[in-house]
2 protein chains.
Amino acid sequence: MRSTIKDVSAIAQVSTKTVSRVLNKERYVSVETRQRVERAVAQLNFRPSAAARTLAGKRSYQIALIYDNHSPHYIHQIQTGVWARCIEEGVRLLAQPSDAASTQLADEIGGLIDQTQVDGVILSSPVTDSSAALDELERRGIPYVRISPGTEHGRSSSVSMDDVQAADDMTSHLIALGHRRIGFIIGHTNHTASDLRLFGYRRALDRAGLNFEPKYVRQGQFDFASGEAAADRLLDLPNPPTAIFASNDDMAAGVLTVAHRRGMSLPRDLSVAGFDDTALASQLWPPLTTVRQPTRDLAYAATELLFEDQEDPVHRRLAHELVLRASTAAPRPD
Amino acid sequence: MRSTIKDVSAIAQVSTKTVSRVLNKERYVSVETRQRVERAVAQLNFRPSAAARTLAGKRSYQIALIYDNHSPHYIHQIQTGVWARCIEEGVRLLAQPSDAASTQLADEIGGLIDQTQVDGVILSSPVTDSSAALDELERRGIPYVRISPGTEHGRSSSVSMDDVQAADDMTSHLIALGHRRIGFIIGHTNHTASDLRLFGYRRALDRAGLNFEPKYVRQGQFDFASGEAAADRLLDLPNPPTAIFASNDDMAAGVLTVAHRRGMSLPRDLSVAGFDDTALASQLWPPLTTVRQPTRDLAYAATELLFEDQEDPVHRRLAHELVLRASTAAPRPD
DNA sequence: GGCTAGTATGACAGCGATGTCAGAACTTGC
DNA sequence: GCAAGTTCTGACATCGCTGTCATACTAGCC
């Protein structure tokens with residue numbers, strides 16, 4: 001039923017080793033032999049057993065994607081990007097959800113490697129920042145690339161966008177519209193991107209000569225509910241902000257909901273900006289001004305780096321983009 | 001570095017075969033021997049090579065999830081459910097996005113099986129309905145379970161919810177609120193669920209003695225933009241509907257946007273209902289009345305069925321739930 | 001005591017590839 | 001015409017497990 005290299009070698013009249021050579025595109029196979037083998041492979045629709053290859057050789061033709069993120073949309077983008085590059089490379093993708101905060105993370109990763117002998121690993125935030133996980137990978141000499149790491153940037157190859165600059169751009173945009181009291185909702189405490197975005201917000205205020213006022217800044221957790229809570233507190237202030245910049249779209253959606261609930265007219269009474277440009281952003285009312293994060297492309301680029309197998313860590317930075325929609329406008333004159 | 005069964009057997013003072021027996025929970029191992037082996041395994045933190053197991057035995061300890069769906073949220077729920085059951089079973093999950101409409105689907109699946117020797121496959125809609133895919137799986141004798149299949153229900157084990165009843169329930173709810181002109185937006189043409197939901201809508205109208213009026217029904221494609229387009233056409237009718245029931249939440253979001261754009265006051269001027277209860281539903285304004293589809297649980301149950309390995313096809317049906325939020329209300333009196 | 005059935009263990013082959021190494025068949029340079 | 005490469009090919013061991021089969025021990029029973 002399933003055919004093996006032996007079947008192919010019988011048809012092509014060569015040794016199994018030669019078939020293996022053709023399969024692996026090794027040098028030193030004559031053109032004529034190669035063609036004969038390829039014909040036999042096609043005839044049988046032969047596909048080598050991954051298990052046997054893994055056992056005998058040094059490669060498993062599988063990589064793993066380790067993720068722990070609360071945004072399905074983000075994960076989906078990541079998976080799509082990684083997958084696209086894997087297909088091109090003829091490599092399978094193992095999905096490995098996990099808990100970045102768990103003390104067992106390193107052990108889980110060790111288990112994954114021991115069992116599957118994956119050729120490499122892609123880490124997405126916030127697992128990128130678990131040094132126990134990185135230690136484990138390095139101890140075993142498994143190549144890995146991180147997507148948007150928050151810490152130890154020099155430690156491995158990685159791809160990322162410029163969170164600071166993006167948040168700075170968005171804040172500057174709000175300032176340019178005329179806003180002077182700009183609320184900010186910080187992202188999840190575990191994600192370094194949260195700090196970077198906050199920093200970008202402050203930098204833009206500084207440059208514009210505006211005071212940084214802690215009361216206009218609230219902690220969120222990247223989810224809708226925390227966005228609602230933060231918005232409520234910001235809008236309850238005696239002198240509330242005329243614009244709120246949330247560190248991701250889900251929280252921005254929470255802000256919109258609170259504003260609607262209070263009967264505010266958007267964007268006249270309140271400008272709202274998000275971050276990520278998830279599908280959600282364009283499906284809200286009003287459509288959300290946000291930062292387009294090139295998530296899929298980041299994932300693709302990360303996987304590309306993984307296969308390139310560089311000597312020294314390489315970092316690629318992809319461009320973000322401000323997406324201006326109807327949720328931001330000039331503030332109502334005082 | 002990596003330890004093998006041999007290392008374990010040396011420490012436990014038994015043959016490698018006995019270690020293998022303990023690992024596989026086979027019968028006929030004395031309690032004392034089992035404990036000795038388990039201690040050695042723990043001491044070495046030993047984990048068997050999946051590749052060697054696959055090659056030598058009949059199992060690969062991997063299953064694949066094949067999906068092709070345009071809703072990230074749905075896929076994420078599915079993955080989470082499948083994954084949860086896999087973990088319990090000590091089995092790895094291979095992610096296999098694919099194109100249900102592609103003529104190469106069967107070949108891709110064949111390749112997947114030949115290469116990885118997966119122990120089983122979970123199919124999610126609409127790949128569930130590709131008979132070429134099912135043929136291929138059966139030809140190779142790979143167990144598979146389908147999540148919400150649309151066709152050939154008897155052909156394999158499956159899990160599903162009652163789409164007809166759910167759509168009927170929602171429509172009845174709108175009727176009970178007092179609506180008489182209820183618009184309906186059909187889902188994607190490839191998904192059988194689309195037909196079932198339409199049927200449920202008609203059934204509820206019938207039972208209430210309301211006429212089915214084709215002009216109140218528009219084709220959508222499960223995405224936001226098609227929801228917008230359909231809503232525009234429905235609301236442009238001379239005698240527009242007072243409620244619109246969209247076959248999923250993304251399209252319902254499109255309806256909300258159109259209504260907002262037209263300056264309508266929701267839900268007074270228009271009631272809107274969705275289907276799925278994705279995260280989106282509660283993040284919109286007004287929060288969306290919808291049908292909670294137990295997607296994660298369906299996936300979990302499907303995976304469970306896969307591992308149970310029944311003789312005859314088994315079908316499990318999970319309950320849906322109407323989630324009533326602020327997007328529906330009684331119509332404005334004429 | 002001798003028989004059967006059930007329990008417990010190990011020796012050994014083999015799964016389907018690749019790595020190593022040896023050797024044959026060509027080139028090339030002088 | 002011969003040594004020294006370079007190209008091409010195959011024999012065979014091997015990767016780390018599990019399947020098969022043989023064997024030994026323990027009860028239980030007539």
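Every chain is numbered from 1 and lettered A, B, ... according to where its sequence line falls, protein lines coming before strand lines. For the numbers below, each heavy atom of this structure counts, side chains included, while hydrogens, waters and symmetry mates do not.
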Checklist entry - At what angle, to 10 degrees, do the two end axes of the helix from C/dG1-D/dC30 to C/dC30-D/dG1 meet, given five pairs define each axis? => result 40°
Nucleotide of [options] approaching [X] most closely (side-chain heavy atoms):
X       : options                : value
B/Ser49 : D/dC17, C/dG10, C/dG16 : D/dC17
A/Ala52 : C/dA17, D/dG10, C/dT9  : C/dA17
A/Leu55 : C/dA17, D/dC17, D/dC15 : D/dC15
B/Ser15 : C/dG10, D/dT9, C/dT9   : C/dG10

Report the distance from atom [atom1] of [X] to atom [atom2] of [N], rounded to the nearest whole Å.
X        : N      : atom1 : atom2 : value
B/Ile5   : C/dG10 : CD1   : P     : 13 Å
B/Gln62  : D/dC17 : CD    : P     : 16 Å
A/Gln117 : D/dC17 : CD    : P     : 9 Å
B/Arg47  : D/dC17 : CZ    : C1'   : 17 Å
A/Lys6   : C/dT18 : NZ    : C1'   : 15 Å
A/Arg27  : D/dT9  : CZ    : P     : 14 Å
A/Glu32  : D/dT9  : CD    : C1'   : 13 Å
B/Tyr28  : D/dT20 : OH    : P     : 15 Å

Checklist entry - Does C/dA8 have OP1 or OP2 sitting under 4.0 Å from an N or O in the side chain of B/Ser30? => result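 Result: no.
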Next on the checklist: Whether B/Thr16 contacts D/dT18 is assessed here as follows: a side-chain N or O lying under 4.0 Å from the phosphate OP1 or OP2. Is that the case?
Outcome noted: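 For B/Thr16, the contact criterion (side-chain N or O under 4.0 Å from OP1 or OP2 of D/dT18) is not met.
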Checklist entry - Taking atom types as modelled and ignoring hydrogens, do the side chains of A/Arg92 and B/Gln115 form a donor-acceptor contact shorter than 3.5 angstrom? => result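 Present: a donor and an acceptor within the cut-off.
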Item to check | Contact check, side chains of B/Trp83 and B/Thr303, non-hydrogen atoms, under 4.5 Å | outcome: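 A side-chain contact is absent here, since even the closest heavy-atom pair is not under 4.5 Å.
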Checklist entry - Is there any salt bridge (charged side-chain N to carboxylate O under 4.0 Å, His left out) pair reaching into residues 57-82 of chain B, and which pairs are they, with sequence neighbours excluded? => result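 Every pair satisfying salt bridge (charged side-chain N to carboxylate O under 4.0 Å, His left out) with a residue in residues 57-82 of chain B: B/Arg59-B/Asp119.
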Name the nucleic acid region contacted by [X], choosing base, sugar-phosphate or nothing; use a 4.0 angstrom heavy-atom cut-off, strictly under.
X       : value
B/Thr54 : nothing
A/Val19 : nothing
A/Phe46 : sugar-phosphate

Checklist outcome for this item: With sequence neighbours left out, the residues meeting side-chain hydrogen bond (donor to acceptor under 3.5 Å, both in side chains) with B/Ser156 are B/Arg146
Item to check | With sequence neighbours excluded, residues passing side-chain hydrogen bond (donor to acceptor under 3.5 Å, both in side chains) with B/Ser15 | outcome: B/Thr18
Next on the checklist: Closer than 4.0 angstrom, basic N to acidic O: yes or no for B/Arg47 and A/Glu108?
Outcome noted: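 The answer is no: the pair does not qualify as a salt bridge.
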Next on the checklist: Does this structure show an ion pair linking A/Arg2 with A/Asp7, if we count only N-O contacts that are shorter than 4.0 Å?
Outcome noted: no
Next on the checklist: Please verify the inter-ring angle class for B/His73 with B/His76; under 30° counts as parallel, over 60° as perpendicular, anything in between as tilted.
Outcome noted: tilted
Show each protein N/O and nucleotides 19-27 of chain C N/O combination with a separation under 3.5 Å, one pair to a line.
from, atom 1, to, atom 2, distance (Å)
C/dG19, N7, A/Lys17, NZ, 2.9

Item to check | From CA spacing to verdict: side-chain hydrogen bond (donor to acceptor under 3.5 Å, both in side chains), B/Tyr300, B/Glu88 | outcome: CA-CA 11 Å; B/Tyr300 184 93; B/Glu88 293 170 8; 2.8 Å; yes
Show me the donor-acceptor pairs, under 3.5 Å and distance only, between side chains in residues 126-134 of chain A and residues at least two apart or in other chains.
from, atom 1, to, atom 2, distance (Å)
A/Asp129, OD1, A/Gly150, N, 2.7
A/Asp129, OD1, A/Thr151, N, 3.4
A/Asp129, OD2, A/Gly150, N, 3.3
A/Asp129, OD2, A/Thr192, OG1, 2.7
A/Ser130, OG, A/Ala133, N, 3.1

